[in-house]
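The structure under discussion appears below in the form of structure tokens.
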Number of protein chains: 2
Amino acid sequence: MRMRATMKDVAALSGVSLKTVSRVVNGEPGVSEELIQRVQSAVAQLDYRHNLAASNLRRGHRTGSIGVLLHDLRNPFSATLLRAIEDRARPAGVAVLSSSLDDLQEREALMAGAMVSRRVDGLVLMPTGDDQSYLFSDIRAGLAVVAVDRPARGVDVDTVVVDNAGAAQQAVAELAALGHRRIACLSDSEQIWTARERRRGYLKGMAAAGLEPDERMVVANLRSSLEATQATLELLDSAEPPTAIFAARNDLTVGVVRALRQRGLQRAVALIGFDDFPMADLLEPAVTVIAQDLEALGARAADLLFARMQQGSAPSQHVEVATTLVLRESGAIPPAASR
Amino acid sequence: MRMRATMKDVAALSGVSLKTVSRVVNGEPGVSEELIQRVQSAVAQLDYRHNLAASNLRRGHRTGSIGVLLHDLRNPFSATLLRAIEDRARPAGVAVLSSSLDDLQEREALMAGAMVSRRVDGLVLMPTGDDQSYLFSDIRAGLAVVAVDRPARGVDVDTVVVDNAGAAQQAVAELAALGHRRIACLSDSEQIWTARERRRGYLKGMAAAGLEPDERMVVANLRSSLEATQATLELLDSAEPPTAIFAARNDLTVGVVRALRQRGLQRAVALIGFDDFPMADLLEPAVTVIAQDLEALGARAADLLFARMQQGSAPSQHVEVATTLVLRESGAIPPAASR
DNA sequence: GCCTAACAAGACAACGTTGTCATTGAGAAG
DNA sequence: CTTCTCAATGACAACGTTGTCTTGTTAGGC
């Protein structure tokens, strides 16, 4: 195992000074053609690789890297966001460090700290905890931060979200218009802003339709697809089962689908889910969803981030990306079907 | 915007030497309790953040970061791998840089170079091109490399793959045992090793069953789900349509499902796909697939990588992870159903 | 032939940190 | 009281690179 060649080695082999090697490697002007050749051949001969870390230390302290902290990189939601951000970073020569937070508060701060230690120029964060003020001093020191999917608290940063409450309300309105009166709502951890917002939208929608929500049908704090299946089964087996279900996150929606299948009720109980998911259109019945434009969400987040990395101090921007109610079969099932 | 505090600033504020601050920050022994307190309070007061880049420069040159170069981070296949690797890296305090290659050869070398410039300690690579010898000198300099999903060429590195040909052959055997004789094969770019292997397995399976493959039914170089749909429609509309289809990658399988639906043949034509995909069990009919244990694949890759990062020179290991033929409905459709 | 640009090339310090070694002082052993 | 030991602390160089400044060389104008 041979040691890595440094500029010093290249300089020695080509018989020039360190600085001249630096100039050639960085493509700076003011080096004669002859020396450029000599240096380049030494670079090739020694397999010299530029060390960005050392370079950044001396230069303006930019590392050309960003951190992306999302919920779960395996989940298509996070994965699509990451990909959209990556596609903006690559042409800019910016490297992407990523991590799944699994909605763990302590992990959020821990991983953010790890990224700051590595001196990322920016951070795209899907906030987990209810307080991001730990980022304050880093932001003051020049760290660009964009909150995505959920707003940050305790610091003033650029934000890209969707109108969760509005979209949820619209979904409920859609079901109510079909004549549904017993509409259930399944949502995830109340600790998460989107879950609270979507639940709020559900309640607003119910109120707008003049419906009194049965609190037994409003189930929160579901942590997984499996728990959603369980909860749905209990609802379906109860004395007064719902005729329609609103599921507030894609994995919960899938859990609901499983439960409906188990009871053979997939064509009897209406369903609208928040977040589109792969194959939703190929299920039978195809599942009606509120789709977020994740490409746009990620692209906007990346744009805001890069803009802020360019010039740090500007008033923070709060962008709301539109959602689309994708009408498929499951959302069009009338209440009559359930008798 | 205030400049970032350095150890020098902390030392000045707490009235100790630079080295003492370094000792406290790194938790090294030999500092009196009183000074530890003084330093820690200065650290807190100045919001000092340790600079890993500078630290690594002086230390053993390990950056505590790895690069992960996969096909497409949005695709559940790559996303699951990334997540499995991330889950091994996190407890080790290792940061993960990732990138999608989209099967572009030039991007592979480019991104690998970008990671090497950042001095990652290791690289998990899903090789795209047919020559990875450009990594030779970096490996000699201590870079740990693991090839995943496909073997690397031109360098001797640890490898984690599955028995693509064997699994494909098994799938074809399954279909042949049901009595299918006209079995189509849809595969992706011949440039990709897995595509070639799976096609080879298909041909072996056909031969083993005493079947002569009709070359019009062996379609290669499909680049997307859409192209798979197109190709399937053409096959279905031909004079002698297949009674069963083998699709060599998850997105192609989905494309085939779409085509079968369009012709109303989803319960008439058998289908087995390579790679499981979300919701495959919830489609009607549920899709029979060859499932790879991606958690295991990613975990094994990460294990090999970390082992090699620990002690560089050991004979390279070539691991084959088992696949499972997940028998669902679409693979059990008999040929009679197609008349 | 002399002076001045203009340019090529190098010497040196600095980025933020840590390894190595020297210094200091206190307490133990004689 | 001296010498020795040991623990705590600090001075300094070094990691690989680049910004700044200096030096040297050559060509051109008078």
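Per chain, numbering begins at 1; letters A, B, ... match sequence-line order. No hydrogens, no waters, no symmetry mates; every other heavy atom, side chains included, goes into these values.
- Put simply, the side chain of A/R119 and the base of C/dG16 share no donor and acceptor less than 3.5 Å apart.
- Between the side chains of A/S65 and A/R118, no donor N or O sits under 3.5 Å from an acceptor N or O.
- B/L35 has its CG atom 11 Å from the C1' atom of D/dG10, to the nearest Å.
- If you measure from atom NE2 of A/H61 to atom P of C/dA14, you get 14 Å, rounded to the nearest angstrom.
- A donor-acceptor pair shorter than 3.5 Å cannot be found between the side chains of A/D72 and A/S78.
- Bending across the helix from C/dG1-D/dC30 to C/dG30-D/dC1, expressed as the angle between its end axes from five pairs apiece, amounts to 60° (10° rounding).
- Judged purely by distance below 3.5 Å, without hydrogens or angles, the side chains of A/Q40 and A/Y48 never pair a donor atom with an acceptor atom.
- Nucleic acid contact for B/V16: sugar-phosphate only, since backbone atoms but no base atoms lie under 4.0 Å from a heavy atom of the residue.
- Looking at heavy atoms from C-beta onward, B/S98 lies in side-chain contact with B/L73 at the 4.5 angstrom threshold.
- Checking C/dG16, C/dT18, D/dT9 against every side-chain atom of B/M7, the shortest atom distance belongs to C/dT18.
- Residues B/D138 and B/R119 are not paired through a salt bridge, judged by the lack of any N-O separation under 4.0 Å between the basic side chain and the carboxylate.
- Atom C1' of nucleotide D/dT9 and atom CZ of B/R23 are separated by 6 Å, given to the nearest angstrom.
- The local environment of OH in A/Y134 is crowded, with over 12 non-hydrogen atoms from other residues, nucleotides or ligands closer than 6.0 Å.
- Taking atom NZ on A/K8 and atom C1' on D/dT18, their separation rounds to 16 Å, with Å as the unit.
- Across the protein-nucleic acid pair, B/L18 atom CG and C/dT20 atom P stand 17 Å apart, rounded to whole Å.
- Taking atom CZ of residue A/R38 and atom C1' of nucleotide C/dA8, one finds them 13 Å apart after rounding to whole Å.
- Look at CZ on A/R4: it is 10 Å from P on D/dT17, rounded to the nearest Å.
- Side-chain N/O atoms of A/S32 include none lying less than 4.0 angstrom from OP1 or OP2 on C/dC7.
- Taking A/R38 as the reference, A/E34 meet the salt bridge (Lys or Arg N to Asp or Glu O under 4.0 Å) condition, with sequence neighbours excluded.
- Contact between the side-chain N/O atoms of A/S22 and the OP1/OP2 oxygens of D/dT18 is found at a separation under 4.0 Å.
- With 3.5 Å as the limit, one finds a donor-acceptor pair spanning the side chains of B/D131 and B/S133.
- Spacing between atom CE of A/M3 and atom C1' of D/dG16 amounts to 11 Å, rounded to whole angstrom units.
- If you check residues 41-58 of chain A against DNA chain C, the residues with a heavy atom closer than 4.0 Å are A/L57, A/R58, listed by number.
- B/T20 has a side-chain polar atom (N or O) that falls below the 4.0 Å cut-off from OP1 or OP2 of D/dG10.
- A/T128 and A/R107 share no donor-acceptor pair across their side chains, judged by distance under 3.5 Å alone.
- Of the side-chain N and O atoms in B/S17, one or more sit less than 4.0 angstrom from OP1 or OP2 of D/dG10.
- Regarding contacts with the backbone of C/dC15, every side-chain N or O of A/R59 stays at 4.0 angstrom or more from both OP1 and OP2.
- Backbone-only contact: B/V31 has heavy atoms under 4.0 Å from sugar-phosphate atoms and none from a base.
- Side-chain atoms of B/I192 and B/D103, non-hydrogen and from C-beta on, do get closer than 4.5 Å to each other.
- Nucleic acid contact class of B/E33 (heavy atoms, under 4.0 Å, all strands): none.
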